[in-house]
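Structure first, commentary second.
Reminder, nothing fancy here: chain letters follow the sequence lines and each chain counts from 1.
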Number of protein chains: 2
Amino acid sequence: MKTVTVYDIAREANVSVATVSRVLNNTAPVKKETRERISALIEKYQFQPNALARSLIRKETGMIGFILPDITNPFFPEVLAGFDREARKMGYTYFLCDTFSTNEETLNQYERESQYISLLMEKQVDGIVMLGGRIDLSRPDPQMIREVEEAARRVPFLLLNGSLPQVGLNRVATDQKLGAVLATQHLLELGHRDIAAVGGYSAMSNTQQRLQGFRSAMRENGLQPRKEWMLQDGFSVEAGVEFTSRLLAMNPRPTAIFCLNDLVAIGALKAASRAGVRVPEELSIIGYDDIQFAANSIPELTTVSLKAAEIGRLAAETLHRMIGKKKVPKLLSVLPELVVRQSTAAVRKGG
Amino acid sequence: MKTVTVYDIAREANVSVATVSRVLNNTAPVKKETRERISALIEKYQFQPNALARSLIRKETGMIGFILPDITNPFFPEVLAGFDREARKMGYTYFLCDTFSTNEETLNQYERESQYISLLMEKQVDGIVMLGGRIDLSRPDPQMIREVEEAARRVPFLLLNGSLPQVGLNRVATDQKLGAVLATQHLLELGHRDIAAVGGYSAMSNTQQRLQGFRSAMRENGLQPRKEWMLQDGFSVEAGVEFTSRLLAMNPRPTAIFCLNDLVAIGALKAASRAGVRVPEELSIIGYDDIQFAANSIPELTTVSLKAAEIGRLAAETLHRMIGKKKVPKLLSVLPELVVRQSTAAVRKGG
DNA sequence: CTGAAAGCGCTAACAG
DNA sequence: CTGTTAGCGCTTTCAG
């Protein structure tokens, strides 16, 4: 199956390749008759111009790299979808680069990020957006920073919900601290005083920011968070189960739990159910992220929406502007939003 | 920022571009000293060969197109992850092509599929894997079939959990009918006789196959499915809520519900909870797919695993073989598996 | 309105 | 072990 090229079309149409190129790209006027002859041949052979050759000369590929930590974590498909809907409108196609790493693999997550950044540049993507991994670390390795800096010098590079210290990279992000304040205030308004905060990783900046928000909201209400109710280092359902089980075994125990993400909150729901503790009657649980499933648990999860889809959409829009060398703000901030559902309720008197 | 090329390296190293290419690709022996000189320059300039140029001549890009219907549907990230882990091992990068379409968009899902297929071929992908959309239709438009046939003639093309009538395309798929048989038998073994089957779309072949499995398992036990308990045309949580609410209002009502996917089952759980019907004591619910969340609902969902990740993994493996022009079976069949958790129980006597 | 010709950046014979 | 030389398939001046 010989692949047909502009030359084949040109020859059969008795024109030069330049003319074929012109009708292909509508880049210069072509006599109607000639144009139709060429179009007919294109149709006849189902001719599709080779995008590689085209990109090689045009120096733009219409391809973007999207780096994220784990597509099976329900938060990420949501931002990806937001990004997708917007990016495709503008004619971009994107490489999905999942940096998830199992223990059996030779490369860890950060090494894979490095690998992908480099790979994407070789593929000549028009831009890169990155999410998670090293940009969530509060103190990433200098080498990790340098790599991204380097890359950003060569190609538009956008960080989503994360940042790299000391580096003025473009980013779009939700205000993580504010989200935590919202969650905590909600609990406070329901009369809770004994509030635990579980989940997250102490080495991650998102966790630190959320915890900051929690503490500051507590303090503003004259409350001092209890150390033994602050259980960190886990973002999974299993971790949520574990943290909550521990909490429920304590004396005194909290009347409300602020979970640093929805997965942990789902684990909390599970642990409460196992322990025979009713939610929200005996225990209020609030999550963070507002993943799709938060609306489907029983009871439905009260949570803070990080506006995942909006972050994604903005990312596509912003990256597009960067690619077009238009001016964009260094930081585009998105406001989180409290979503009240069923897992929180007023504290019981004399509980 | 002038981009550095093999020529720049060659000039500064006092060698020809061919030699640079040789050390780049390790494609022929190069004197140690020369090699080191070149490597040093590559390092110095952070030189990265342009993959477009390379692919243009090599006629292979290491790029794959992955077409799926909706990344926010939790089933798909799971097959994608399986695919991802395997594909990256083999050095592939892939374009994610989500064909989800809102009503506001000009193109519908099938048109978007067409667009992507064409786009991917222009980008010169080494292969395409497709999931959902037209290949799930029991009677797709002839034009839709022809397009895929055409594409498959030009590039390795693999269908996942679906097929196109009258066309011998390569596929890897789970046995959908068997999965339904497994689910139904499980319910039957628990003593259920009054079983409803809800969810799915009657125009989709996966639905037809699942329903076939259900009916055949029922009939083998001398049972006749009740028409009024077969509620179709919906694969969402909301649909599950709706179907189940209707079922619970009937008299007589079923003692068990076979949900054609987990999302519908989650809706069923919700509807039961709202109606004050306890699961599994008063009502058994079984799902289908085994998405991640099935293990996290309360009660945890009994379901049939479609082996999503395994499908994805096999897809990568198979497509790779096809790209390498190795022999592959037309159909690679994966066996579904019953996953018993908490949402099913023996039928109550005299219920 | 159209053609000739010069590349884009790289690889791959083919010589040496 | 290394250099020369054609291209890969397309776009884009520059003439006409």
Side-chain angles (χ1 to χ4, degrees), chain A residues 1-39 41-42 45-63 118-119 121-126 154-155, chain B residues 1-39 41-42 45-63 118-119 121-126 154-155:
Chain A
M1 178 95 153
K2 202 201 152 301
T3 134
V4 8
T5 74
V6 276
Y7 282 95
D8 302 318
I9 304 289
R11 191 179 329 108
E12 190 158 341
N14 268 312
V15 295
S16 74
V17 291
T19 305
V20 176
S21 174
R22 285 181 188 113
V23 349
L24 236 31
N25 302 291
N26 203 3
T27 188
V30 173
K31 205 204 298 173
K32 185 157 179 252
E33 188 192 320
T34 332
R35 169 191 308 283
E36 278 165 1
R37 194 153 24 102
I38 294 174
S39 296
L41 287 168
I42 288 175
Y45 290 110
Q46 302 259 39
F47 169 66
Q48 294 182 294
N50 182 323
L52 296 178
R54 171 177 294 170
S55 296
L56 186 55
I57 178 161
R58 285 226 193 126
K59 276 148 182 20
E60 63 172 49
T61 55
M63 309 186 309
S118 164
L119 183 71
M121 295 181 53
E122 286 185 15
K123 301 268 191 213
Q124 312 295 124
V125 295
D126 291 341
R154 298 173 178 228
V155 57
Chain B
M1 178 95 152
K2 203 202 154 296
T3 134
V4 9
T5 74
V6 276
Y7 282 96
D8 303 317
I9 304 290
R11 190 178 333 108
E12 191 158 340
N14 269 312
V15 295
S16 74
V17 290
T19 304
V20 176
S21 176
R22 283 181 190 114
V23 349
L24 237 29
N25 302 290
N26 204 0
T27 187
V30 173
K31 204 204 299 173
K32 187 159 177 251
E33 189 192 322
T34 334
R35 170 191 308 283
E36 279 166 1
R37 194 153 24 104
I38 295 174
S39 296
L41 288 167
I42 289 176
Y45 290 109
Q46 300 261 39
F47 169 67
Q48 294 181 293
N50 183 323
L52 297 177
R54 170 179 292 168
S55 297
L56 187 55
I57 178 161
R58 284 228 193 125
K59 275 148 179 25
E60 62 173 50
T61 55
M63 308 185 311
S118 165
L119 183 71
M121 295 181 53
E122 285 184 15
K123 300 266 190 213
Q124 311 297 123
V125 295
D126 290 341
R154 297 172 179 229
V155 58

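The line from CD1 of B:Ile57 to CG of A:Leu56 is 11.0 Å long, rounded to the nearest 0.5 Å. To the nearest 0.5 angstrom, B:Leu24 atom CG is 8.5 Å from B:Ile9 atom CD1.
Two residues are said to be in side-chain contact when any heavy atoms from C-beta on lie closer than 4.5 Å; A:Asn14 and A:Arg37 meet this criterion. In this structure the side chain of B:Val6 reaches within 4.5 angstrom of the side chain of B:Phe47, judged on heavy atoms. B:Glu12 is not listed as a side-chain neighbour of B:Val4, based on a closest heavy-atom distance of 4.5 Å or more. Between B:Ser21 and B:Asn25, the closest side-chain pair of non-hydrogen atoms falls below 4.5 Å.
Not counting sequence neighbours, the partners of B:Gln48 by the side-chain contact (heavy atoms from CB on, under 4.5 Å) test are A:Ser118, A:Met121, A:Glu122, A:Arg154. Every residue two or more places apart in sequence or in another chain was checked for a salt bridge (charged side-chain N to carboxylate O under 4.0 Å, His left out) with B:Glu60, and none qualifies.
Across all strands, B:Thr34 comes closer than 4.0 Å only to sugar-phosphate atoms, never to a base (heavy-atom distances). In this structure, B:Asp8 reaches neither bases nor backbone, as no heavy-atom distance under 4.0 Å exists between it and the strands shown.
A:Thr61 places a side-chain N or O within 3.5 Å of a backbone atom of A:Gln124 that can act as its donor or acceptor partner.
Note that the first and last nucleotides of DNA chain C, 5' to 3', having any atom under 4.0 angstrom from a heavy atom of chain A are C:dC1 to C:dG9.
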* **Nucleic acid footprint by protein, nucleotides 7-13 of chain D - heavy-atom cut-off 4.0 Å, B for base, S for sugar-phosphate alone** => BBBBBBB
In a table with atom names and distances, give each donor-acceptor pair under 3.5 Å that connects a side chain of residues 29-36 of chain A to protein atoms at least two apart or in another chain.
{"residue": "A:Thr34", "atom": "OG1", "partner": "A:Lys31", "partner atom": "O", "Å": "3.4"}

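Axis orientation changes by 30° from one end of the helix from C:dC1-D:dG16 to C:dG16-D:dC1 to the other, with each end axis drawn from 5 pairs and the value rounded to 10°.
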